[in-house]
Enquirer: 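First the structure, which I've put down as structure tokens, then a few questions once you've had a look.
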Amino acid sequence: MKTPKRYLITAALPYANGLKHIGHLAGAYLPADIYVRYLKAQKRDVVFVCGSDEHGTAIPIQATKEGTTAQAIIDKYHPIIEQNFKDLGIAFDIYHRTSDPLHHETAAAFFSNLEAKGDLETKTTEQYFDETANTFLADRYIKGTCPSCGNNEAYGDQCEKCGKTLSPEELINPVSTLSGKAPIKKSTTHWYLPLNRHEDFLRDWIIKEHSDDWRPAVVGQCKSWIDGGLQPRAVTRDLDWGIKVPIKGAEGKVLYVWFDAPIGYISATKQWAINNNKDWSPYWNDKETKLVHFIGKDNIVFHCIIFPVMLHLNGHILPENVPANEFMNLEGDKMSTSKGWSIEMEDYINKWIKKENGGEALADCLRFYLTSIAPESKDSEFTWKGFQDAVNGELVSIFANFINRTWVLMHKLCNGKVPPIHQDLLDSEDLAIMQAVKDTTAKVTELLEQYKFRDAQFEVINLARLGNQYMQKKEPWIVAKQIGTDPHAQAKIDNCMHACLQLSANLAILIHPFLPFTAKKMCHLMKVVDKMLEWENAGSFNLLKVGYSLRAPELLFRKIEDEEIAAELAQLQANAAAKKTTMENTSNETESTGPNPLKPEIVFDDFAKIDLRVGTIIEAKKVEKADKLLELLVDLGFEQRTILSGIAMHFNPEDIVGKQVTIVANLAPRKMRGIESKGMILMAEDAAGKLYFVNPTEGIAPGSAIS
RNA sequence: GGCGAGGUAGCUCAGUUGGUUAGAGCACAGGAUUCAUAACCCUGAGGUCUGGAGUUCAAAUCUCCAUCUCGCUACCA
């Protein structure tokens, strides 16, 4: 494999609306950091870019929540997130931000170029508009009842209660969060990226070129998207928070956040180049640059489909690989900040690293465990017990213990100096351990090149294990007792300890990408400079000079105590319970003020237009290929008609036959799943989202009018 | 419902183009040892490879059906 001339490594831009948790860390930032540290140890030309994603509607929303401005929100979270990464040893070459003028300029120019080349289309559509606030409403600014779970606090893009992705049109009784009034539809023009034009390009690039070297989940997901047919995707929005669309007549419009965010990688590179007096251009334009995006699986479509099309159209290079990770769960459930079921990086830093008995070693402990359970091929699970086991059982017992016993013995039996090597006494064990170092180096290198960080780290730990085995066979502490009787005793000890020390130096090099703080501490113990950690030194048994005196032993890690684990588990439960109470209180509040704000007043004539009738369900069956739809045959006395209703999740078809219900009888017919629905069944819904039929208390004749 | 990825020892995961008694690490049990953070080292037990059918001399591996988990997507007047 030819070594690329230079590398550009990106990690997904964290969204600056709140703290980020360890799932994010394990998914993108940690693997990226390991890879970058390895490349740098190889003395490759590499730039590692990241930054805060600060646009999009969720930022102003969060501002409203916290009672402040959007600018204040990003100014609050950007530095916190940046510092969190630093504390955990994630060493970006630049951590930029998309609110920076350089990014605005870069993204606007990107858009203008595509627009000028005719690579974008415009389309006019109807969007929700708030007449009071005189503005179009972004998805997030529309609230309503979730059609899926009945939560009446659902946003236009997602219901936070059930997690369902929504579009504003799906919301029942949509209401503007700005004015509290029902929005109207108004037409607006937007720019679209016609992905459909580029299906062949994507198919050639992904399926033909990368189906072997990309992860199966990534290729599978892409194939699924491409085969399903790509649609033009809006790249602009009606919003005032973001990058202004650089076109006359586009006032009040900004670039859609997903369009501007990935361009953030480019502007971050530019800023890095300015800071370091370099040229950014080859990193994005020279074919000999290897571009790798580290992301979580939720980002696959953006980094493998949309952004590559943008890059392609703008003449840039394409990513060589996009090693997306799956998700990391926590103690049996999905991680969720809003549900309190997560471990924020900030929390871990405060509770473990910044404690008296903490320190950087605890940052490495987290890095170690997260890498050992990295969700590289499937979702994985973080448990506090697992964290304790991994740290105590492998990091402490195998790795750190080997270093410690080596140091202690070396001071006891070799005066704290690197002992000489006696060639004539070298035996097969000595040769085997030397070979093992070379083998492990080769394995780790290969695994890292393939983005298999979990396996690579395991190999390093395993080398420490081999070291323990080697020392056990050699038993220098026993040999020491024979110094009076065996003339070769000291020489044997020297050989063993020399090997253990050289092995320790190799372990420092190999563990460095994974546990940078630990590697540094090992350098301190060995009294060597960081330069020793360069990858080309791995495999060598000449890293420490004979006669060089080393520092006194010092523990690399402390053990994780049972009480600490119990405390974390209790804390987690408490957080979740607290959030739950908050959420319930919130929904209670909304209940007391009315679950939905009252709709605007109407006159009697408006009401009289609605023809409500009592009907009896005489047949009910599930609509095929639909999870939520029931097909009902309703008797209205004068006729029977088919009505579809999205209640399949709440009722069994056989249970509702014979029920009397209230029907909107003069509603315009509507086709769903190929079946025409002639009317609508009225349902009442309680705070818990449970549905109830609205019906007369006693059975009356079908078709009876309601007024 | 469609698509994608998974389902292998109690736990976390490997299993290359189908080929001898299915592997590793934790955890567990027994032994040995004391240089080391009750650490290390050795040995052992533990799996009808989600279920079923098929192709084959031979299936964890290929095909089909079922089932469960995760993600994307459709459906909600």
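None of the values given here were measured: they were computed from a predicted structure.
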Enquirer: Which base, if any, makes a Watson-Crick or G-U wobble pair with G71(B), both distances under 3.5 Å?
Expert: C3(B)

Enquirer: Pick the P atom in A60(B) and in U48(B), then give their distance to the nearest Å.
Expert: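 About 13 Å, rounded to a whole number of Å.
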
Enquirer: Could you work out which one of U37(B), A36(B), U34(B) sits closest to the side chain of Asn401(A)?
Expert: A36(B)

Enquirer: Please give the distance between the C1' atoms of G7(B) and U61(B) as a whole number of Å.
Expert: 15 Å

Enquirer: Answer whether the closest heavy-atom distance between the side chains of Ile483(A) and Gln490(A) falls below 4.5 Å.
Expert: yes

Enquirer: Which pair of heavy atoms, one from Ile643(A) and one from Gly679(A), lies closest together, and at what distance?
Expert: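 Distance-wise, the nearest heavy atoms are CG2-O, 3.5 Å.
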
Enquirer: State which of C70(B), U37(B), U34(B) makes the closest approach to the side chain of Lys334(A).
Expert: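 For Lys334(A), the side-chain atoms sit closest to C70(B).
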
Enquirer: Taking all atoms of both residues into account, what is the closest heavy-atom pair of Val444(A) and Ala456(A), and its distance?
Expert: CG2-O, 3.8 Å

Enquirer: Could you please name the partner base of G46(B), counting Watson-Crick and G-U wobble pairs only when both distances are under 3.5 Å?
Expert: none

Enquirer: Restricting to nitrogen or oxygen on both sides, can you table the protein-nucleotides 4-12 of chain B pairs closer than 3.5 Å?
Expert:
| from | atom 1 | to | atom 2 | distance (Å) |
| --- | --- | --- | --- | --- |
| G4(B) | O2' | Gln221(A) | N | 3.4 |

Enquirer: Now, which nucleotide makes the Watson-Crick or G-U wobble pair with C26(B), with each of the two distances under 3.5 Å?
Expert: G10(B)

Enquirer: Can you tell me the base-pairing partner of U34(B)? Count Watson-Crick or G-U wobble geometry only, both distances below 3.5 Å, and say none if there is no partner.
Expert: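 For U34(B), the partner nucleotide comes out as none, under the 3.5 Å rule.
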
Enquirer: I'd like a list of close polar pairs between nucleotides 24-29 of chain B and the protein, N/O only, cut-off under 3.5 Å.
Expert:
| from | atom 1 | to | atom 2 | distance (Å) |
| --- | --- | --- | --- | --- |
| G25(B) | O3' | Arg465(A) | NH1 | 3.3 |
| G25(B) | O3' | Arg465(A) | NH2 | 3.3 |
| C26(B) | OP1 | Arg465(A) | NH1 | 3.1 |

Enquirer: Locate the shortest heavy-atom distance separating Leu555(A) from Lys521(A); write the atom from each residue and the value.
Expert: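 So the minimum-distance heavy-atom pair works out to O-NZ, 2.9 Å.
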
